[in-house]
Structures are given as structure tokens and as C-alpha cells.
Colleague: 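One structure, as C-alpha cells, below. Some questions next.
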2 protein chains.
Amino acid sequence: MKTNKNCVIRLSRYKNALYRLKSLGFVKIFSDNLADAVGVTATQVRKDFSQFGISGTRKGGYQIDDLINNLNRLLGKDEIHKVVVAGIGNIGTALLNYKGFEKESIKIIAGFDINTVKQNAAGEIPVFPIAEMENFIRQNQIKIGVIAVPDFAAQQIADTMIQAGVKGILNFAPMRLHGPENVVINNVNLVLELENTIYFANAVIKTGVVGQLTASAQPDGV
Amino acid sequence: MKTNKNCVIRLSRYKNALYRLKSLGFVKIFSDNLADAVGVTATQVRKDFSQFGISGTRKGGYQIDDLINNLNRLLGKDEIHKVVVAGIGNIGTALLNYKGFEKESIKIIAGFDINTVKQNAAGEIPVFPIAEMENFIRQNQIKIGVIAVPDFAAQQIADTMIQAGVKGILNFAPMRLHGPENVVINNVNLVLELENTIYFANAVIKTGVVGQLTASAQPDGV
DNA sequence: TATTATATGTTCTTTTTTTCACAACATTGG
DNA sequence: CCAATGTTGTGAAAAAAAGAACATATAATA
Ligand SMILES: NC(=O)c1ccc[n+]([C@@H]2O[C@H](COP(=O)([O-])OP(=O)(O)OC[C@H]3O[C@@H](n4cnc5c(N)ncnc54)[C@H](O)[C@@H]3O)[C@@H](O)[C@H]2O)c1
Ligand SMILES: NC(=O)c1ccc[n+]([C@@H]2O[C@H](COP(=O)([O-])OP(=O)(O)OC[C@H]3O[C@@H](n4cnc5c(N)ncnc54)[C@H](O)[C@@H]3O)[C@@H](O)[C@H]2O)c1
């Protein structure tokens with residue numbers, strides 16, 4: 001089966017929407033409601049579910065609890081994913097402080113920095129010297145790393161992480177990282193996101209319409 | 001002409017790669033070099049340029065300086081874009097501290113927060129009470145706003161921004177914001193990015209290959 | 001238990017995006 | 001000045017993604 005990035009992103013969105021709907025008291029849901037909540041078509045919802053072997057009942061729609069369980073299983077939420085962060089500056093600190101990862105079965109278990117001022121082995125989430133990162137990753141069998149160091153240090157940190165066994169990297173440094181084929185590197189480039197927003201906002205300002213953009217052109221969910 | 005989000009993102013990437021190549025001493029470039037640098041095919045580069053009316057010379061490739069100028073013009077870099085940030089917490093502070101926006105003609109001119117502790121009208125980038133945001137946006141004709149407040153406050157802040165004339169919003173709150181058709185809302189959901197990285201990393205771990213994923217499935221540039 | 005209304009699952013189309021292939025043409029070197 | 005070389009620009013083809021339509025199963029109802 002072929003998997004496609006947009007599809008996986010939608011699964012995550014479905015899951016988030018379902019949590020919200022559940023908290024509102026819903027117990028079951030139909031493809032068109034969910035589609036509305038997420039901003040796609042009902043067919044797309046059913047196709048996505050079908051693709052991943054999730055099925056509802058022909059008249060009763062989908063049980064929200066079942067759906068959430070299924071999505072969590074597909075998205076690997078049946079276990080807690082341990083993550084390390086390299087570079088405890090502005091972005092790194094923001095991530096360490098953020099409380100919203102827990103409920104997604106994500107746990108940042110340590111930070112690493114070159115600057116002794118940032119280091120604090122006794123913190124709620126400990127921050128260790130960067131030199132200890134490789135060993136730590138190995139010993140704790142960490143598979144996911146976040147890179148929040150300046151761009152000039154990013155590739156080296158990535159290499160170390162990969163060397164130690166990391167298979168997925170979320171990179172905030174504004175540059176393309178290189179790695180072997182069997183490591184996933186996801187770049188979040190905030191400058192680019194802002195640039196992009198500006199571009200489309202200008203397009204709207206100039207033309208007065210969003211209609212000139214293709215459907216997928218809308219930067220996001222509007 | 002139809003414009004497409006991915007295409008615009010690629011334009012930004014080309015531009016970034018070109019700056020790097022220029023700093024390495026390159027003066028002209030061929031579509032295949034640039035393609036390599038960005039991680040797309042040479043045809044794609046030429047198609048994109050062609051689409052936006054950028055042309056090179058049949059044997060000499062493209063002049064990097066011309067290309068950068070063209071891309072900057074297309075991306076609206078001929079003027080400085082003023083941006084305000086609502087919510088000067090972890091993320092908001094990171095953005096205010098970041099020095100990398102300037103060289104992209106983006107200038108964060110003010111922050112706004114509900115918490116008096118965060119306010120500081122005398123800072124390099126001043127932080128004002130949130131109540132003053134609407135007026136400030138109007139008076140300074142700000143078109144772009146960043147939302148970095150907790151999710152429960154996000155929609156209200158968005159409404160105020162839009163009310164005051166903002167046409168593009170970069171939203172960090174993990175929720176879908178609603179707005180009129182002629183306002184662009186770009187959601188950056190960091191939890192989702194991490195989830196996604198984890199999903200694809202797991203796929204790699206389980207199957208040993210990325211080959212099962214379609215081209216666009218690779219979360220990013222690898 | 002039969003009927004009916006209704007939402008799913010899936011096939012078939014349409015649209016969008018990417019890649020292929022090559023003619024056109026600029027540069028370089030004789 | 002001409003041929004050889006090599007890169008662009010683009011129409012045509014292929015691939016991928018999204019959407020429409022509908023046959024089919026099933027919950028509700030009588
Ligand atoms: N802050 C933003 O808003 C923003 C926006 C866009 C991109 N980024 C990018 O995100 C990354 C992090 O940004 P930031 O604002 O948090 O930077 P920062 O300067 O605040 O923090 C960087 C941290 O990395 C540490 N560091 C430096 N070299 C290191 C090394 N070799 N090993 C380990 N740690 C090292 C530093 O001590 C510092 O604590 C940068 O690449 C930046 O370009 C940040
Ligand atoms: N920090 C992260 O790593 C992270 C990760 C994923 C998502 N997010 C999201 O990004 C947003 C910001 O995150 P953060 O970590 O910076 O949060 P934070 O709590 O550190 O900061 C929020 C700021 O907004 C201010 N605020 C609250 N209500 C306000 C209002 N009505 N008007 C103006 N200001 C108001 C607060 O005073 C605070 O300074 C949140 O929605 C969060 O869910 C953050």
C-alpha cells in the first residue's frame with residue numbers, strides 16, 4: 001500500500017477533531033460531519049479510512065471511540081515516543097516548556113546544549129552537555145530527535161543523532177539537512193511559513209480574491 | 001494564471017538556496033544544480049520559473065543575481081513587511097528574539113500580551129497591552145499578524161486582527177481558525193509536525209524502506 | 001419480519017501535479 | 001563562419017490526488 005504525506009496529516013487532523021467532538025458529547029459521527037470539522041470532503045474522509053482499513057457501519061456512521069483508537073494505533077500512539085531536543089535556546093526552551101505533547105503520547109525526555117548555562121541535570125526535563133547526547137540516545141534507544149541549534153551546527157548534530165540510531169528528525173534550522181535514505185527529516189522553516197503567509201496575503205490584497213489560487217494553494221485550513 | 005502553494009514554497013526554497021550558492025561564489029547556475037540543492041527535478045525548476053515568467057539563457061543557465069531579484073520581486077520582497085505578534089510567551093518571545101527575519105524583509109514591529117509582566121513599551125521590539133492591538137494595526141496598516149496565544153484565546157485574537165485589517169495570519173495555536181474568504185490563515189501545528197515525523201520514522205523502522213511512501217510522502221526535503 | 005431511509009465503501013471521472021522528451025537556440029572552439 | 005555542444009522552454013504523457021456517483025448494507029421503524 002502506498003502512503004502519502006497529506007493523507008497522514010489528515011489522519012492526525014481527524015484525530016484532533018474527534019477529540020474535540022468527543023469532548024462536546026458526541027458518541028458517533030458521520031463522514032460529512034467530520035469532513036466539515038476538518039475542512040475536506042466527505043468522500044475524502046471515507047477514502048482515507050478505507051485506505052487504512054477503518055470501517056464504520058453502513059447506516060450508523062463511525063463510533064468516535066473506535067475511530068480514535070484506530071487512528072491512534074495507526075499513528076503509533078499505542079506507545080509513548082521518547083524525544084530528545086538539541087539546542088535549548090528560544091525554540092528548544094519553548095518545546096521543553098510545552099505541556100501539549102503529553103496527551104499525544106510524546107515525551108521529551110532530555111535536552112542537550114553546548115552552553116553550560118543552559119545545562120541543568122536536575123530540571124524537570126534535564127538538559128545535559130551536548131557531548132553526552134550520542135550515548136544518551138544509544139542507551140535510551142531514542143528514535144526521534146529535534147534540532148534547534150543554529151544553522152551552522154545543525155548538520156553535525158544531525159549526523160551525531162543518526163549515528164546514534166535516531167530515525168526521525170524534526171529540524172528547525174533553516175537549511176536542508178542531509179542524511180541516509182532510511183532517516184526521515186522533517187524541516188519546519190518558520191521564516192518560510194511567514195514568507196508564504198505574506199505572499200498569499202498579498203495575492204489576496206492585490207486581487208481581492210482567493211479564487212485565483214488553486215484549492216491546495218490556500219496555505220492551510222482557513 | 002493559477003498559483004499553487006507548493007509552487008510558491010519552492011520559489012522560497014530556490015531563493016534560499018541561491019543565497020547560499022551566491023555566498024559560495026557562484027555567479028550563474030543551471031537548473032539541475034539548483035534542483036539538486038533544493039531536492040527537486042531540473043524540469044520542475046524550469047517549469048516553475050517558466051510559470052512565473054522567469055527565463056534564463058539557452059546555454060548559459062541563469063544569472064544568480066537576476067534570479068534572486070526576480071524571486072524577491074515575485075515573493076513581494078521589494079518592500080518591508082511589517083508584522084505584529086499576539087502572545088509573547090514561549091513562541092512569541094522566540095520570534096521577537098529571532099534575527100533571521102530581517103534579511104527576508106520581514107520586520108516584527110510590535111508584540112501584544114494580556115499579561116502586564118510581558119509588556120514593555122521601551123523594548124527593542126515594544127510589547128503593548130493586547131487592548132491596544134486593534135488600534136495599532138489600524139494606524140500602522142499592518143497586514144500580517146502572528147498568533148501565539150493559548151488556543152482558547154486564539155479565535156478572538158484572530159477576529160480582532162481581521163477586524164483591524166489584517167489579511168494574513170500565521171497561527172501557532174493548535175486549532176482551526178475561522179475567518180472570511182479574503183484572509184489567509186496559515187496554521188503551524190508543531191505537535192502535528194512531530195507526530196508526523198514519528199509516524200514516518202516508524203514506517204521506516206518497521207519496513208526498513210522509505211520506498212513504500214510516495215514521493216510527496218517524505219515529510220520534507222531529506 | 002418487511003420496509004425504508006440513509007451513510008458507507010468503492011468504482012469511475014476529473015483535476016492537478018510531475019515527469020518525459022525534444023525542438024530551439026546560445027555559446028564555444030575551431 | 002560553421003559545427004558541436006549543452007541548456008533552456010514547453011507541449012504531450014504519465015502519475016497522483018481528489019471528487020462524483022451509486023450500488024449495497026444496515027439501523028430504525030412499523
Ligand atoms: N527563534 C525563532 O523564532 C526562529 C525562527 C526561525 C528559525 N529558527 C531557527 O531555529 C534554530 C534555533 O533557534 P533559536 O532561536 O532557538 O536559537 P538560539 O540561539 O536561541 O538557541 C540555540 C541554542 O543552541 C545552542 N547551541 C549552539 N551550538 C550548539 C551545538 N553545537 N550543540 C548543541 N547546542 C548548541 C546554543 O547554546 C543555544 O542555546 C536556529 O537554527 C534558528 O535559525 C528560529
Ligand atoms: N511552546 C511550544 O512548544 C508549542 C508547541 C505547540 C503549540 N504551541 C502553541 O503555541 C501557542 C503559544 O504557545 P506558548 O508556549 O508560547 O504559550 P505561552 O503560554 O508560553 O504564551 C502564551 C502567551 O499569551 C498570552 N495571552 C494569553 N491570553 C491572551 C490574550 N487573550 N491576549 C493576548 N495575550 C494573551 C499569555 O500572557 C502568554 O504570554 C499556544 O497556542 C500553544 O498551544 C506551542
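Protein chains get the first letters and strands the later ones, always in sequence-line order, with residue 1 at the start of each.
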Colleague: Taking all non-hydrogen atoms of both residues, which atom of B:V166 and which atom of B:G145 are closest, and how far apart?
Modeller: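 Distance-wise, the nearest heavy atoms are CG1-N, 3.9 Å.
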Colleague: Start at the 5' end of DNA chain D and walk down; is the nucleotide closest to B:G56 or to A:V40 reached first?
Modeller: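 Per heavy-atom nearest nucleotide, the more 5' residue is B:G56.
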Colleague: Specify the separation, in whole Å, of atom CG of A:D66 and atom C1' of C:dT8.
Modeller: 16 Å
Colleague: Quickly work out the A:Q51 CD to D:dA16 C1' distance and round it to whole Å.
Modeller: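 Roughly 12 Å, once rounded to whole Å.
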Colleague: Determine whether the aromatic ring centres of residues B:Y98 and B:F101 are separated by less than 6.0 angstrom.
Modeller: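 Between B:F101 and B:Y98, the centre distance is under 6.0 Å.
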Colleague: Has A:R46 got a side-chain N or O lying under 4.0 Å from the OP1 or OP2 atom of C:dT8?
Modeller: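 For A:R46, the contact criterion (side-chain N or O under 4.0 Å from OP1 or OP2 of C:dT8) is met.
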Colleague: Is the closest side-chain donor-acceptor distance between A:D159 and A:Q163 under 3.5 Å?
Modeller: no
Colleague: Checking side-chain polar atoms at under 3.5 Å, does A:E195 have a donor or acceptor matched by the opposite partner on B:S12?
Modeller: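 Yes, because at least one side-chain N or O of A:E195 sits under 3.5 Å from a partner of the opposite role on B:S12.
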Colleague: Any chance you could list the contact pattern along nucleotides 23-30 of chain D? Use B for base contacts, S for sugar-phosphate-only contacts and - for none, protein heavy atoms under 4.0 Å, 5' to 3'.
Modeller: BBBBB---
Colleague: Within less than 4.0 Å of OP1 or OP2 of C:dT18, is there a side-chain N or O belonging to B:R10?
Modeller: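 Yes, B:R10 has a side-chain N/O under 4.0 Å of OP1/OP2 on C:dT18.
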Colleague: Kindly indicate whether the side chain of B:E193, heavy atoms from C-beta on, has any atom under 4.5 Å from the side chain of B:V191.
Modeller: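 Heavy-atom side-chain distance check fails, nothing below 4.5 Å.
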Colleague: Using a cut-off of strictly less than 4.0 Å, decide whether B:S31 has a side-chain nitrogen or oxygen near OP1 or OP2 of D:dT8.
Modeller: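 True: B:S31 side-chain N/O within range (under 4.0 Å) of D:dT8 OP1/OP2.
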Colleague: In Å and rounded to the nearest 0.5 Å, what is the NZ to OH distance from B:K103 to B:Y19?
Modeller: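 That separation rounds to 8.5 Å.
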Colleague: Is B:T41 touching bases, backbone alone, or none of the nucleic acid, heavy atoms closer than 4.0 Å?
Modeller: sugar-phosphate
Colleague: Is a donor-acceptor contact shorter than 3.5 angstrom present between the side chain of B:K47 and the base of C:dT18?
Modeller: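 No such pair is found, so the answer is no.
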Colleague: To the nearest Å, give me how far apart CG (B:N6) and P (D:dA16) are.
Modeller: 16 Å
Colleague: Between C:dA7 atom C1' and A:I29 atom CD1, what is the distance in whole Å?
Modeller: 13 Å
Colleague: For a quick test of reading the model: is some side-chain N or O of A:Q44 closer than 4.0 Å to OP1 or OP2 of D:dG19?
Modeller: yes
Colleague: For B:I54 and D:dG9, what is the distance between atoms CD1 and P respectively, to the nearest whole Å?
Modeller: 10 Å
Colleague: Grab the CZ-C1' distance between A:F52 and C:dG9 for me, whole Å please.
Modeller: 16 Å
Colleague: Expressed as a whole number of angstroms, how long is the span from A:D48:CG to C:dT8:C1'?
Modeller: 14 Å
Colleague: Would you kindly say whether B:R73 and B:N70 are connected by a side-chain donor-acceptor distance under 3.5 Å?
Modeller: yes
Colleague: Under 4.0 Å: is that the gap between some side-chain N or O of B:Y62 and OP1 or OP2 of C:dA26?
Modeller: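 False: B:Y62 side-chain N/O out of range (4.0 Å or more) of C:dA26 OP1/OP2.
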Colleague: Just the rounded figure in Å: distance from C1' of D:dG6 to CZ of B:F30.
Modeller: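 Going from CZ in B:F30 over to C1' in D:dG6 covers 8 Å.
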